[in-house]
There are 2 protein chains.
Amino acid sequence: MISKTVENYLKNIFLLSENNKVVTTNEISKKLKIKASSASDMLKKLKDKGLLNYEKYNGVSLTVKGKKIATTIVRKHRLWETFLVKKLNFKWDEVHEVAEQLEHIDSEKLVSLLDNYLGYPEFDPHGDPIPNTHGTFPKTNSIAINKLKINEKGTVMGVLQDNKEFLMFLNKIGLNIGSFIQVKNILKFDDSIEIKINKKEYLITLELARNILVKKEEN
Amino acid sequence: MISKTVENYLKNIFLLSENNKVVTTNEISKKLKIKASSASDMLKKLKDKGLLNYEKYNGVSLTVKGKKIATTIVRKHRLWETFLVKKLNFKWDEVHEVAEQLEHIDSEKLVSLLDNYLGYPEFDPHGDPIPNTHGTFPKTNSIAINKLKINEKGTVMGVLQDNKEFLMFLNKIGLNIGSFIQVKNILKFDDSIEIKINKKEYLITLELARNILVKKEEN
DNA sequence: ATATCAAATTAAGAATCCATAATAATATCA
DNA sequence: TGATATTATTATGGATTCTTAATTTGATAT
């Protein structure tokens with residue numbers, strides 16, 4: 001039986017490794033809010049279990065086996081978030097902590113009945129894609145706001161972060177899934193970006209922009 | 001923060017202490033499927049935390065504080081079982097293991113929204129009463145089958161056990177919530193009981209009978 | 001009352017996962 | 001390139017919760 005702790009390591013390594021890039025011990029320890037030494041310790045064990053590729057000082061990447069487990073945790077997390085928002089009327093920026101717990105419930109039957117109950121959703125309330133039983137993610141053509149050029153427009157499709165502060169800020173400036181936005185300016189000074197939402201303009205940091213996905217308007 | 005393990009000790013001590021009777025170390029270790037020595041160890045710690053009354057060799061009972069925690073776990077367990085059966089279409093004898101996990105999810109908001117979503121049910125799919133937010137159980141006038149005299153009749157209101165084998169046996173003999181039963185005979189030889197369900201007669205053990213609740217037919 | 005048996009407790013230690021502190025490897029930059 | 005900063009690793013140990021084995025307590029029956 002695989003522990004909740006191991007599941008969390010795998011899930012977070014998966015989330016940190018966009019484009020299959022190698023993930024460092026430090027990144028992991030920050031994400032999991034533990035010391036790097038603890039992470040180092042665990043990485044060795046996970047390697048021994050065949051869950052990740054790891055050579056000392058060179059960071060890690062998931063094996064097929066590790067990625068499979070990580071994907072099911074992500075799937076469960078996002079299905080539960082969808083349930084919490086769609087069925088129980090949680091707000092989208094309130095669900096993360098609870099889903100962090102629910103994602104570790106171990107029952108294939110539960111997950112598949114839940115998926116069915118929700119109508120096999122492809123995206124969670126944050127716009128993040130939900131992998132299916134086989135671990136396959138739905139296709140998207142979204143890009144992060146910081147990839148847009150000045151004057152380009154798009155529709156907000158999702159976010160890459162579950163962080164509460166982040167989500168509350170988006171709420172505050174009226175930026176939701178489906179919002180229509182336009183990049184008005186990009187400040188070289190600090191890489192921040194001016195965007196227009198509902199006729200109002202806001203300045204957001206690169207860090208924020210990197211975490212908001214839009215479907216670019218073709219024209 | 002209170003651990004899942006502690007929650008399980010408290011819940012099971014609560015379930016073992018009908019009529020506030022004292023619970024023994026052995027009973028606890030059997031219920032939790034651990035060695036008596038482990039239980040003994042833990043009981044000392046729970047006493048120190050003010051969760052139960054415990055004098056060596058004299059068994060335990062929950063303090064008010066311990067009972068409060070136990071009740072919220074029972075509440076969560078039964079609400080989740082109700083959800084699984086009513087919303088996700090689990091069978092009533094399939095929900096126990098999953099509910100054992102779900103009961104430890106820590107979020108008051110989740111529990112109260114779930115309760116609301118289910119329409120504030122008073123009984124779970126096994127007929128067990130669900131305590132409200134304040135820990136109060138709904139009133140019932142049910143009694144166990146072994147308390148009935150020969151020829152007395154009743155309607156099955158619930159069971160006192162979540163054990164899978166037990167529930168599957170009940171299913172097999174067609175005994176469900178709402179079934180109408182009559183005690184035909186009580187064998188002094190081994191305390192077993194002959195009951196009639198749907199025109200058929202079955203012999204059940206005292207142990208079984210003790211765990212099936214009926215509302216006695218007044219006549 | 002004492003022998004005997006069952007129940008409960010204690011002591012020692014294993015597994016898991018975290019931390020602190022010391023050390024080693026790698027990266028950076030003048 | 002060599003000094004220094006950053007990042008990663010190892011060694012050691014603590015908390016939690018379990019086990020086994022030895023011991024103590026309590027209950028029962030003659």
Side-chain angles (χ1 to χ4, degrees), chain A residues 1-14 16-17 21-62 65-66 69-70 73 97 100-101 103-106, chain B residues 1-14 16-17 21-62 65-66 69-70 73 97 100-101 103-106:
Chain A
M1 191 70 312
I2 183 155
S3 75
K4 186 173 152 169
T5 307
V6 169
E7 287 186 345
N8 273 331
Y9 270 89
L10 296 177
K11 181 191 74 168
N12 283 293
I13 291 167
F14 177 80
L16 286 168
S17 53
K21 90 172 177 12
V22 155
V23 179
T24 68
T25 304
N26 250 359
E27 286 174 312
I28 295 168
S29 72
K30 256 174 222 149
K31 197 106 201 282
L32 294 175
K33 296 188 176 113
I34 56 173
K35 299 301 165 191
S37 56
S38 307
S40 214
D41 225 37
M42 181 59 95
L43 295 180
K44 232 180 305 171
K45 291 175 195 158
L46 297 184
K47 185 207 165 130
D48 291 348
K49 289 186 182 167
L51 298 171
L52 42 81
N53 309 111
Y54 172 49
E55 293 308 325
K56 279 209 250 176
Y57 297 101
N58 282 327
V60 300
S61 64
L62 294 175
K65 194 173 156 194
I69 295 169
I73 304 301
E97 287 83 352
E100 288 276 289
Q101 297 181 63
E103 72 191 11
H104 301 291
I105 302 293
D106 177 32
Chain B
M1 189 73 311
I2 183 156
S3 75
K4 185 174 154 172
T5 306
V6 170
E7 287 186 346
N8 274 332
Y9 270 90
L10 297 176
K11 179 191 74 169
N12 284 293
I13 291 167
F14 177 81
L16 285 168
S17 53
K21 91 174 178 7
V22 156
V23 179
T24 68
T25 304
N26 249 0
E27 287 174 312
I28 295 168
S29 72
K30 256 174 220 148
K31 196 105 201 284
L32 294 174
K33 297 191 176 107
I34 55 172
K35 301 299 164 193
S37 55
S38 308
S40 213
D41 226 37
M42 181 60 96
L43 294 180
K44 232 179 307 170
K45 290 174 195 160
L46 297 185
K47 184 205 166 133
D48 292 347
K49 289 185 183 168
L51 298 171
L52 40 81
N53 310 112
Y54 172 50
E55 294 307 326
K56 278 208 255 180
Y57 297 101
N58 283 326
V60 300
S61 63
L62 294 176
K65 195 173 155 193
I69 294 169
I73 305 301
E97 287 83 351
E100 288 276 288
Q101 298 181 62
E103 72 191 10
H104 301 290
I105 302 293
D106 176 33

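Everything numeric here is computed off the predicted structure, so don't read it as measured data. Within every chain, numbering begins at 1; the chains are lettered A, B, ... in the order of the sequence lines, protein sequences first and strands thereafter. These values consider heavy atoms only, across backbone and side chains, with no hydrogens, waters or symmetry-generated copies.
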What is the separation between atom CG on B:N8 and atom C1' on D:dT17, rounded to the nearest whole Å? 12 Å
Working for side-chain contact (heavy atoms from CB on, under 4.5 Å), residues A:I28 and A:L43: CA-CA 10 Å; A:I28 295 168; A:L43 295 180; 3.9 Å; yes
Tell me whether the side-chain N/O atoms of A:Y9 come closer than 4.0 Å to OP1 or OP2 in C:dT16. no
Among D:dG26, D:dT19, C:dA25, the one nearest B:Y57 by side-chain distance: D:dG26
Starting at atom CG of A:L43, determine the distance to atom P of C:dC18, rounded to an integer number of angstrom. 11 Å
Main-chain N/O of A:L16 paired with A:K21 side-chain donor or acceptor, under 3.5 Å: yes
Do any side-chain nitrogens or oxygens of B:S3 fall under 4.0 Å of OP1 or OP2 in D:dT17? yes
Any side-chain N or O of B:N26 less than 4.0 Å from the OP1 or OP2 oxygen of C:dA6? no
Indicate whether OP1 or OP2 belonging to C:dT10 is found under 4.0 Å from a side-chain N or O atom of B:K44. yes
From the candidates C:dA8, D:dT17, D:dT19, the one with an atom nearest any side-chain atom of B:S40 is C:dA8
Looking only at the side chain of A:S37 (C-beta and beyond, no hydrogens), which of the listed nucleotides D:dA11, D:dT17, C:dC18 gets closest? D:dA11
Which whole-number value in Å describes the distance from B:L32 CG to C:dA8 P? 14 Å
When every non-hydrogen atom of B:V22 is compared with those of B:E27, the smallest separation belongs to O-OE1, 4.2 Å
By nearest nucleotide on DNA chain C, pick out whichever of A:K45 and A:K56 is the more 5' one. A:K45
Atom NZ of A:K35 to atom P of D:dT7: distance rounded to whole Å? 14 Å
Roughly how many Å is it from CD1 in A:I34 to P in C:dT16, rounded to a whole number? 16 Å
Rounded to the nearest 0.5 angstrom, the CD-CD distance for B:Q101 and A:Q101 is 13.0 Å
How do A:N58 and B:E27 order along DNA chain C: which one's closest nucleotide is nearer the 5' end? B:E27
Nucleotide D:dT9, atom C1' - distance to CD of A:E55 in whole Å: 14 Å
Rounding to a whole Å, what distance do you find between A:K49:NZ and C:dC17:C1'? 11 Å
Taken to the nearest 0.5 Å, the spacing of A:E100 CD from A:I73 CD1 works out to 10.5 Å
Any N/O donor-acceptor pair, B:T25 side-chain to C:dA7 base, under 3.5 Å: no
Atom-to-atom span, CE of B:M42 to C1' of D:dT16 - whole angstrom: 8 Å
Looking only at the side chain of B:T5 (C-beta and beyond, no hydrogens), which of the listed nucleotides D:dT9, C:dC17, D:dC18 gets closest? D:dC18
